[in-house]
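Here the structure comes first, spelled out in structure tokens, and everything after it is commentary.
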Number of protein chains: 2
Amino acid sequence: MATAKNPRKAKAGKPATPTRRRRTAEEARHEILAAAQRRLAEGGPEAIRLQDIARDLGISHPTILHHFESREGLMQALGRSAMSALNADIMRAISDPGRGTSPEAVLDRVFETLGESGHARLLAWSALGDFAPQRTRGVVPQEQVLRVLADAVHRRLGDEARATGARTPPREEADFTVRLVAAAMLGDALVGDVLSRTAGLPDGPAVQRRFRAWLARLLDERFRQVTCTTRRGGRD
Amino acid sequence: MATAKNPRKAKAGKPATPTRRRRTAEEARHEILAAAQRRLAEGGPEAIRLQDIARDLGISHPTILHHFESREGLMQALGRSAMSALNADIMRAISDPGRGTSPEAVLDRVFETLGESGHARLLAWSALGDFAPQRTRGVVPQEQVLRVLADAVHRRLGDEARATGARTPPREEADFTVRLVAAAMLGDALVGDVLSRTAGLPDGPAVQRRFRAWLARLLDERFRQVTCTTRRGGRD
DNA sequence: GCCACTATTGACAATCCTGTACGTAGCTGG
DNA sequence: CCAGCTACGTACAGGATTGTCAATAGTGGC
């Protein structure tokens, strides 16, 4: 029982850096989240272990618990933070006119964004429910991203239609287009290389680029032709 | 000390089924794999715990170790078995003429197959590397499935082209088409409902069906038009 | 310069899971 | 009917991880 009474005096061996660093709560939370995200990107949700993160940062794991209550709390905070980072990145990729505004250029940027820093993986894990184990079934992105995109597509379809004198295609046309592209991008980011290989393509960044270009062209053509064909199947 | 010497005599309460069931090694492996797959589909790779699986089957967890060496061994066996089951299911879905052979019908069946019993999830986990932790990076599907599909598409494109007198589109056209659809199906199986919701669609099975039909129509039209437009962009 | 506040920490507790050791009990061939 | 093989079970060891607690040490305000 007298174990806990030891007043640490025995530690006479480290006079070099005896000072412990003290961050503000916000700083600490930020650093911890960053370290956690790094581990997440590499090894998945299971790789997020308090002791490991603590070691990465040179702190002790109870400090993490102090700032996030529990591992669960850390995971939720991480989910929110990573998801909003993804949103911001995607938004930037879409609206950034830096490298062109053609469908191909935009697709390229979004693809890149999804691939880097484990964004696609985060989405996948979130969808798989590996995040937020019980309660919150997956970290729901507040993404109006898709909404915005669908609006843009709808507008463009309307423009094309008006230009050719056809009637405006139904809103669903735009929604489905966005859904297809979004799903395809996620899927491709996850298993694109495997798909490419098993489908017989040589695979590699060059193929990936050509694939994107091909998809962009497909969408582009679709934009122009849908105005003539959309009424074919109609509502059913 | 004398603990291990207890010869079970104390169990006087269960004369009904005191006999332990003895399976063949193959039976046992099969049952264990099935139980593991059930858990996998529900809770992911982390939910595969030897003790839980054992409890599900009414056996003891060392029995599992007896049949699979280690948890790692179980995971690998599970990966192989589940992946080959997926292959078989997909193959069946594609070639089964039961409910029509139109692109829409085929797509529908494949979509269904991917969705049920966690096939899509398995693929995702495999891609995410949650399977086969270190060594085997992901359970590589021996799927010639995609190969077969791409061949079929290529043939069809050739037929269409010949019928209209156009020149045969490059093989890449078929490969990319398959890649797009495969990636989209996986992505949609994973996050389709979320996408649908955040894109403003009401979501639900009806929407999902319409989406598939829409995609099938898109492919169908593409098949017909690609013969006129494929030479536009050419090689790059 | 002193003091309250809190970020930080080492030690410890509690739990959980995989894997081992060894004995038991069904099946099958002789 | 006996003996061997092996599927199966109980008990336990070992390790890893989250979480608690009381003590310690920067920091900012007075």
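Just so it is clear: chains get the letters A, B, ... in the order the sequence lines come, proteins before strands, and each one is counted from 1.
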Rounded distance (Å) that lies between atom C1' of D/dT10 and atom CD1 of B/I59
14 Å
Closer to the 5' end of DNA chain C via nearest nucleotide, is it A/T63 or B/D52?
A/T63
Can you tell me the distance, in whole Å, between the CZ atom of B/R55 and the P atom of D/dT10?
13 Å
Can you tell me the distance, in whole Å, between the CD atom of A/Q51 and the C1' atom of D/dT18?
8 Å
Who passes side chain to side chain contact (heavy atoms under 4.5 Å, CB included) against B/E46, sequence neighbours left out?
A/E46, A/D130
Of A/P62 and A/H66, the one whose closest DNA chain C nucleotide lies more 5':
A/H66
Residues in side chain to side chain contact (heavy atoms under 4.5 Å, CB included) contact with A/A213, at least two apart in sequence or another chain:
A/E104
Just to confirm, is there a sub-4.0 Å distance from OP1 or OP2 of C/dT8 to any side-chain nitrogen or oxygen of A/R20?
no
Below the 4.0 Å mark, does D/dT27 have OP1 or OP2 next to a side-chain nitrogen or oxygen of A/R22?
no
OP1 or OP2 of C/dT6 less than 4.0 angstrom from a side-chain nitrogen or oxygen of A/H67, does that happen here?
no
Restricting to side chain to side chain contact (heavy atoms under 4.5 Å, CB included), what partner residues turn up for B/R109, sequence neighbours left out?
B/A93, B/D96, B/R99, B/A105, B/V106
What does A/S70 touch in the nucleic acid at a heavy-atom separation under 4.0 angstrom: a base, only the sugar-phosphate, or nothing?
sugar-phosphate
Return the residues of residues 29-40 of chain B meeting this criterion: a heavy atom under 4.0 Å from some atom of DNA chain C. Order them by number, or give none.
none
In whole angstroms, how far is the P atom of C/dC17 from the CD1 atom of B/I53?
12 Å
Write down the distance between CG (B/L57) and P (D/dA7), rounded to a whole number of angstrom.
16 Å
Name all residues meeting the side chain to side chain donor-acceptor pair (under 3.5 Å) criterion together with A/R22; count only those two or more places apart in sequence or in a different chain, and write none if there are none.
none
Among the nucleotides D/dT18, C/dT20, D/dG26, which one has an atom lying closest to any side-chain atom of A/L50?
D/dT18
Closest to the side chain of B/S60, out of D/dT18, C/dG19, D/dT10, is D/dT10
Is a side-chain donor or acceptor of A/R71 paired with a backbone partner of A/R49 at a separation under 3.5 angstrom?
no
The residue, B/R23 or B/H61, whose nearest nucleotide of DNA chain D is more 5′ is B/R23
Using atom CE of A/M75 as one end and atom C1' of D/dT18 as the other, report the distance to the nearest whole Å.
13 Å
Specify the separation, in whole Å, of atom CZ of A/R49 and atom C1' of D/dG15.
12 Å
Side chain to side chain contact (heavy atoms under 4.5 Å, CB included) partners of B/R212, counting only residues at least two apart
B/D108, B/F111, B/E112, B/Q208
Can you tell me the distance, in whole Å, between the CZ atom of A/R21 and the P atom of D/dG26?
13 Å
Using modelled atom types only, decide if a donor and an acceptor are shared between the side chain of B/T101 and the backbone of B/P97 within a distance under 3.5 Å.
no
